[in-house]
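These numbers were taken from a predicted model, which means no experiment stands behind them. Residue numbers start at 1 and run along the sequence shown.
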Amino acid sequence: VQLVESGGGFVQAVGSQRRACATSGRTVRFDAMVWLRLAPVMVREFIAVISWNGGSTYDAASVQGRFTISRDNAKNTVYLQMNSLKPEDTAVYYCAADMIRAALAYEYRYWGQGTQVTVSS
């Protein structure tokens, strides 16, 4: 099973970007799918997690009201809609997934490849 991310790249401040993370390989039910990011000289930060039934939690206060996590179970894909982007959102963004929700990032066994998002001012 692999998680394949798409989207990312350069975007201007106050712009928007949509990230996708699709599951490939054998069919697996991931109850928890998450987005995280790693900015320069920062620790890895949980952005949001979404469960199989669509319930979501936003862990990063800085993105609440601007980022939206969603999923399409039929496509085995999780999305992250990022609006009103700021330069401080510049980071490498990762998706991760597992059969149960985990408290710590390293507990997720399946990871996307990570994609750089750069927000210019």
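In terms of hydrophobic clustering, with Ile, Leu, Val, Met, Phe, Trp and Tyr side chains grouped at heavy-atom distances under 4.5 Å, F46 and Y79 are assigned to different clusters. Using a 4.5 Å cut-off between side-chain heavy atoms of Ile, Leu, Val, Met, Phe, Trp and Tyr, with links allowed through other members, V4 and V1 fall into different hydrophobic clusters. Note on Y94: it clusters hydrophobically with V49, by side-chain heavy-atom contacts below 4.5 Å among ILVMFWY residues.
Residues E45 and W35 are not in side-chain contact: their nearest non-hydrogen atoms beyond the backbone lie 4.5 Å or more apart. Inter-residue side-chain proximity for L3 and Y108 is flagged as unmet; no heavy-atom pair is nearer than 4.5 Å. The shortest distance between side-chain heavy atoms of Y110 and V28 does not fall below 4.5 Å.
The minimum heavy-atom distance linking A32 with R101 is given by the pair CB-CA, 3.5 Å. Shown here for V117 and G8, the closest heavy-atom pair between the two residues is CG2-CA, 3.9 Å. R29 and M99 make their closest contact through O-CG, 3.8 Å (heavy atoms, listed as atom of the first residue, atom of the second, distance).
Remark: of the listed residues V78, D31, L80, V78 is the sole one forming a side chain to side chain contact (heavy atoms under 4.5 Å, CB included) with I50. No option in I100, N73, T23 other than T23 meets the side chain to side chain contact (heavy atoms under 4.5 Å, CB included) test with F30.
Between F67 and Y93, the two ring planes are tilted [angle within 30° to 60°].
The main-chain N or O of R109 is found under 3.5 Å from a side-chain atom of D98 such that the two form a donor-acceptor pair. Judged by distance alone, the side chain of T90 and the main-chain N or O of V119 form a donor-acceptor pair under 3.5 Å. When atom types are taken as modelled, the side chain of E5 and the backbone of G114 share a donor-acceptor pair closer than 3.5 angstrom.
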For residues 10-17, please give each side-chain donor-acceptor pair under 3.5 Å, one per line with the distance, not counting sequence neighbours.
{"unit_1": "S16", "atom_1": "OG", "unit_2": "N83", "atom_2": "OD1", "d": "2.9"}

Check residues 56-64 and write down every donor-acceptor pair under 3.5 Å in which the side-chain atom is one partner and the other belongs to a residue at least two apart or another chain.
{"unit_1": "Y58", "atom_1": "OH", "unit_2": "I69", "atom_2": "N", "d": "2.9"}
{"unit_1": "S62", "atom_1": "OG", "unit_2": "R37", "atom_2": "NH2", "d": "3.2"}
{"unit_1": "Q64", "atom_1": "NE2", "unit_2": "Y58", "atom_2": "O", "d": "3.2"}

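Interatomic distance, SG of C95 versus CZ of R71, reported as 11.5 Å (0.5 Å rounding). Atom CE of M82 and atom CG of D89 lie 7.5 Å apart (nearest 0.5 Å).
Applying the under-4.5 Å side-chain rule to Ile, Leu, Val, Met, Phe, Trp and Tyr, the cluster around L104 extends to Y106.
Applying the 6.0 Å contact sphere to CD of Q116 captures more than 12 heavy atoms from other residues, nucleotides or ligands.
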